[in-house]
> 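Starting off with a structure, shown below.
Scope of the values below: all heavy atoms of this structure, side chains included, with no hydrogens, waters or symmetry mates. None of these values were measured; they are calculated from a predicted model.
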Amino acid sequence: LRKAGTVVTLEDAAADLKTSYGFDYTSNSFFRFTVDPAAGEAIIGYISPQIVLRTYSAFAQAELELGPVTLTGGMRQEWYR
């Protein structure tokens, strides 16, 4: 898992604004396997070759504190390969 991001905070007497933005990258690899229930769930073979799932995402979020009220919003875009 790799993450890159930045947090920016702006403070005022009436309100505080905090923004975050960045990029995430994740790479997972795994095998699909078959098991033998009679042998205590032992792995007896593989159905397919190794599978690699990669995800990329960009994100942005903002928090605005107005006294006792906090407004939060954000967006995220993800890509799967």
> Mind checking the OG1-CD1 spacing from T34 to I44? Nearest 0.5 Å is all I need.
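These two atoms lie 4.0 Å from each other.
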
> Restricting to side-chain hydrogen bond (donor to acceptor under 3.5 Å, both in side chains), what partner residues turn up for S29, sequence neighbours left out?
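S29: side-chain hydrogen bond (donor to acceptor under 3.5 Å, both in side chains) contacts with Q50.
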
> Output all residues satisfying side chain to side chain contact (heavy atoms under 4.5 Å, CB included) with A39, sequence neighbours left out; order by chain, then residue number.
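With sequence neighbours excluded, A39 shows a side chain to side chain contact (heavy atoms under 4.5 Å, CB included) to D36, A42, given in chain and number order.
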
> Residues two or more places apart in sequence or in another chain: which of them pass ring-ring contact (aromatic ring centres under 6.0 Å, His included) with F33?
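F33 satisfies ring-ring contact (aromatic ring centres under 6.0 Å, His included) with no residue once adjacent residues are dropped.
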
> Show me the donor-acceptor pairs within less than 3.5 Å that the side chains of residues 61-70 make with the rest of the protein, sequence neighbours left out.
none

> To the nearest 0.5 Å, what is the distance between CE on M75 and OH on Y21?
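So the gap between those two atoms works out to 12.5 Å.
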
> State the OH-OH distance between Y56 and Y80, to the nearest 0.5 angstrom.
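Atom-to-atom, Y56:OH and Y80:OH are 13.0 Å apart.
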
> Does E41 have any side chain to side chain contact (heavy atoms under 4.5 Å, CB included) partners at least two apart in sequence or in another chain, and if so, which?
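Partners of E41 by the side chain to side chain contact (heavy atoms under 4.5 Å, CB included) criterion, ordered by chain and then number, come out as V35, P37.
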
> Mind checking what makes salt bridge (Lys or Arg N to Asp or Glu O under 4.0 Å) contact with R76, not counting sequence neighbours?
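By the salt bridge (Lys or Arg N to Asp or Glu O under 4.0 Å) rule, R76 matches D24, E78.
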
> Supply the members, apart from I51, of the Ile/Leu/Val/Met/Phe/Trp/Tyr cluster built from side-chain contacts under 4.5 Å; use none for a lone residue.
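Members other than I51 - counting any ILVMFWY side chain reachable under 4.5 Å - are F30.
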
> For residues 43-57, which residue pairs qualify under salt bridge (Lys or Arg N to Asp or Glu O under 4.0 Å), counting only residues two or more places apart or in two chains?
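Residue pairs passing salt bridge (Lys or Arg N to Asp or Glu O under 4.0 Å), neighbours aside: none found.
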
